[in-house]
Peer 1: 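If you scroll down you'll find the structure; I have some questions about it.
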Amino acid sequence: MAPLRFAANLDWLFTERPALPERLEAAARAGFRAAELPEPYAWDPALLRRAADRAGLALVLINTPPGDRDKGEKGLGAVPGRQAAFREGLALAVKYAKALGCLRIHLMAGRVPAGTERTAMAPEMEATFIENLRYAADILAQEDMTGLLEPMNSRITDPRYFLTTSHQAAAILEKVGRPNLWLQLDIFHCQIMNGNLTQTLKTYFPLIGHIQIGQVPGRHEPDSPGEVNFPYLFQLLESLGYEGYVGCEYTPQGDTLEGLGWLHAYWESRGWQQRWW
């Protein structure tokens with residue numbers, strides 16, 4: 001069984017350094033060989049690519065732009081009436097992904113519009129999402145890229161986010177019917193909404209294109225106190241033959257580097273001779 005490949009999410013890790021190029025360097029010095037850049041859009045992509053290349057990091061995931069944050073938007077994929085803005089954002093994401101050498105884009109679904117009820121909006125939002133996902137899949141196919149759908153929990157993180165469970169995402173993927181769209185399964189969100197992680201991972205494993213981790217309920221390091229037995233889950237993913245990346249999307253309890261003992265222990269247990277500073 002091959003060891004798992006971990007990617008540092010640089011919106012969450014190494015925030016002791018304000019600049020993304022510095023975070024890329026810090027992630028590499030900590031032993032990472034890959035990174036997620038959820039929102040790279042404030043930076044010149046060529047600058048980020050050079051920094052990643054110098055550090056020896058693969059850039060493995062970006063998000064589509066969130067939309068108008070001042071209006072409370074958090075993605076546009078399922079938001080009725082925002083199809084044109086979604087397409088503009090997708091074009092920008094593809095431009096960045098090409099420049100960064102990144103082959104995966106998280107297609108953010110977005111929130112149920114303020115002042116409306118989730119149940120009432122669900123049919124229209126699903127239809128909008130399916131329309132936008134088919135469009136996105138065709139665009140991404142031209143670049144040999146993959147689109148990802150990530151359910152986010154509505155119990156702690158975002159009560160209005162549209163896509164909330166693996167079951168909902170799988171049903172939408174089936175309706176869209178495009179081979180280059182996959183499930184992005186975040187263990188933190190999945191445990192809160194679904195629980196039963198073993199069966200959930202086994203059931204949806206054929207659809208999973210990317211995984212992210214964070215302990216529940218604090219969303220800290222995997223070895224922090226919480227509900228999830230990560231050593232067991234890592235072994236499960238290995239036994240299932242998972243070959244994608246595992247994104248480290250959590251809030252360190254203190255200094256990022258000091259909190260990476262869990263990762264060092266994983267590498268040592270798998271016989272890896274990683275760099276470690």
Side-chain angles (χ1 to χ4, degrees), residues 1-15 26-36 38 57-58 60-61 104 148 150-153 155-157 165-167 169 182-277:
M1 295 183 292
L4 301 176
R5 300 184 295 170
F6 293 91
N9 185 304
L10 297 185
D11 271 12
W12 294 71
L13 303 188
F14 302 102
T15 57
R29 287 184 60 82
F32 284 101
R33 293 294 175 266
E36 302 174 348
L57 285 176
V60 300
L61 179 72
R104 300 167 191 81
L148 297 165
E150 180 189 10
M152 298 186 193
N153 81 82
R155 293 173 177 162
I156 296 176
T157 301
T165 68
S166 300
H167 177 76
W182 296 79
L183 173 64
Q184 179 174 321
L185 193 146
D186 188 313
I187 296 297
F188 173 78
H189 297 304
C190 187
Q191 167 65 6
I192 292 169
M193 295 301 293
N194 298 90
N196 194 18
L197 291 175
T198 298
Q199 192 58 46
T200 297
L201 282 167
K202 289 181 178 179
T203 298
Y204 297 111
F205 188 77
L207 302 178
I208 295 174
H210 194 74
I211 288 174
Q212 293 175 319
I213 56 173
Q215 185 58 276
V216 180
R219 206 169 191 178
H220 299 307
E221 289 89 344
D223 62 349
S224 62
E227 301 172 12
V228 182
N229 182 346
F230 277 102
Y232 166 79
L233 284 185
F234 293 158
Q235 291 180 346
L236 174 62
L237 289 172
E238 290 173 358
S239 69
L240 291 172
Y242 181 65
E243 297 180 348
Y245 286 94
V246 177
C248 301
E249 188 180 63
Y250 61 80
T251 301
Q253 296 182 96
D255 179 81
T256 300
L257 189 60
E258 292 177 357
L260 289 176
W262 67 270
L263 184 56
H264 196 194
Y266 175 84
W267 285 335
E268 288 183 343
S269 71
R270 300 315 191 266
W272 278 20
Q273 300 299 317
Q274 288 282 349
R275 293 187 299 167
W276 187 260
W277 285 270

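Any value given below was found using the heavy atoms of this structure, including those in side chains, with hydrogens, waters and symmetry copies removed.
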Peer 1: Give the intermediate values and the outcome of side-chain contact (heavy atoms from CB on, under 4.5 Å) for residues L4 and I211.
Peer 2: CA-CA 11 Å; L4 301 176; I211 288 174; over 6 Å; no

Peer 1: Counting only heavy atoms from other residues, nucleotides and ligands, does the tally under 6.0 Å from CD of Q199 exceed 12?
Peer 2: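 It does: Q199 CD has more than 12 such atoms within range.
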
Peer 1: To check you understand the geometry: which heavy-atom pair defines the closest contact between A7 and E36, and what is its length?
Peer 2: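 It is CB-CG, 4.2 Å.
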
Peer 1: Does the side chain of N153 reach to within under 4.5 Å of the side chain of D186, using non-hydrogen atoms?
Peer 2: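 Contact flag for N153/D186 side chains = no.
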
Peer 1: Is there a side-chain contact between L185 and T200 in this structure, where contact means two heavy atoms from C-beta onward sitting under 4.5 Å apart?
Peer 2: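 A side-chain contact under 4.5 Å exists here.
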
Peer 1: Does the side chain of Y204 come within less than 4.5 Å of C190's, by heavy atoms?
Peer 2: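 When only atoms from C-beta onward are counted, Y204 and C190 do not touch, as no gap falls below 4.5 Å.
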
Peer 1: Rounded to the nearest 0.5 Å, what's the gap from CD on Q212 to NE2 on H189? Could you check?
Peer 2: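 Atom-to-atom, Q212:CD and H189:NE2 are 7.5 Å apart.
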
Peer 1: Minimum heavy-atom separation for K202 and L240, please, with both atom names.
Peer 2: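 Here K202 and L240 meet closest at CG-CD2, 4.2 Å.
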
Peer 1: Could you give the distance from CG (L260) to CD (E221), rounded to the nearest 0.5 Å?
Peer 2: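 The CD atom of E221 is 7.5 Å from CG of L260, to the nearest 0.5 Å.
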
Peer 1: If you round to the nearest 0.5 Å, how far is OG1 of T165 from CD1 of I192?
Peer 2: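 One finds 13.5 Å between CD1 of I192 and OG1 of T165.
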
Peer 1: Report the C-alpha separation of F32 and C248 in whole Å, then their side-chain angles, then the decisive distance to 0.1 Å, and conclude whether the side-chain contact (heavy atoms from CB on, under 4.5 Å) test is met.
Peer 2: CA-CA 10 Å; F32 284 101; C248 301; 4.0 Å; yes

Peer 1: Compute both the distance and the angle, then confirm whether R5 meets the cation-pi test with Y245: under 6.0 Å from the six-membered ring centre, within 45 degrees of the axis.
Peer 2: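 Yes, cation above the ring, under 6.0 Å and within 45°.
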
Peer 1: Can you tell me how far the OG1 atom of T203 sits from the CG atom of N196, to the nearest 0.5 Å?
Peer 2: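 Between atom OG1 of T203 and atom CG of N196 there are 7.5 Å.
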
Peer 1: Starting at CG of L207, measure out to CH2 of W182 and round the result to the nearest 0.5 Å.
Peer 2: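 Here the rounded value is 7.5 Å.
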
Peer 1: Enumerate donor-acceptor pairs with a distance under 3.5 Å from any side-chain N or O in residues 227-236 to protein atoms, sequence neighbours excluded.
Peer 2:
| unit_1 | atom_1 | unit_2 | atom_2 | d |
| --- | --- | --- | --- | --- |
| E227 | OE1 | Q191 | NE2 | 2.8 |
| N229 | OD1 | Y232 | N | 3.2 |
| Y232 | OH | T198 | OG1 | 3.0 |

Peer 1: Quick one: side-chain hydrogen bond (donor to acceptor under 3.5 Å, both in side chains) partners of T251, sequence neighbours excluded?
Peer 2: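 Result, side-chain hydrogen bond (donor to acceptor under 3.5 Å, both in side chains) vs T251: none returned.
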
Peer 1: Do P151 and M193 come close enough that some side-chain heavy atom pair is under 4.5 Å?
Peer 2: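 No, side chains not in contact.
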
Peer 1: Working to the nearest 0.5 angstrom, can you tell me the gap between I187 CD1 and N194 CG?
Peer 2: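 It is 10.0 Å, given to the nearest 0.5 Å.
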
Peer 1: Would you name the heavy atoms of G241 and F205 that are closest together and state the gap between them?
Peer 2: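 Closest heavy-atom pair between G241 and F205: C-CZ, 3.9 Å.
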
Peer 1: With a 4.5 Å limit on heavy-atom distance, are the side chains of R104 and Q184 in contact?
Peer 2: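 A side-chain contact is absent here, since even the closest heavy-atom pair is not under 4.5 Å.
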
Peer 1: How close do D255 and L257 get, heavy atom to heavy atom, and via which atoms?
Peer 2: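 Closest approach of D255 to L257, heavy atoms only: OD2-N, 3.0 Å.
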
Peer 1: Give the intermediate values and the outcome of side-chain contact (heavy atoms from CB on, under 4.5 Å) for residues R219 and E249.
Peer 2: CA-CA 8 Å; R219 206 169 191 178; E249 188 180 63; 2.8 Å; yes

Peer 1: Could you report the tightest heavy-atom contact between A27 and L57, atom names first, then the distance?
Peer 2: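 Shortest heavy-atom separation between A27 and L57 comes out as CB-CD1, 4.2 Å.
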
Peer 1: Quick one, P222 and Y266 - any side-chain contact, counting heavy atoms below 4.5 Å?
Peer 2: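 Sidechains of Y266 and P222: no contact.
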
Peer 1: What heavy-atom pair brings A26 and F14 nearest, and what distance separates the two atoms?
Peer 2: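 Reported closest heavy-atom pair: CB-CD2, 3.6 Å.
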
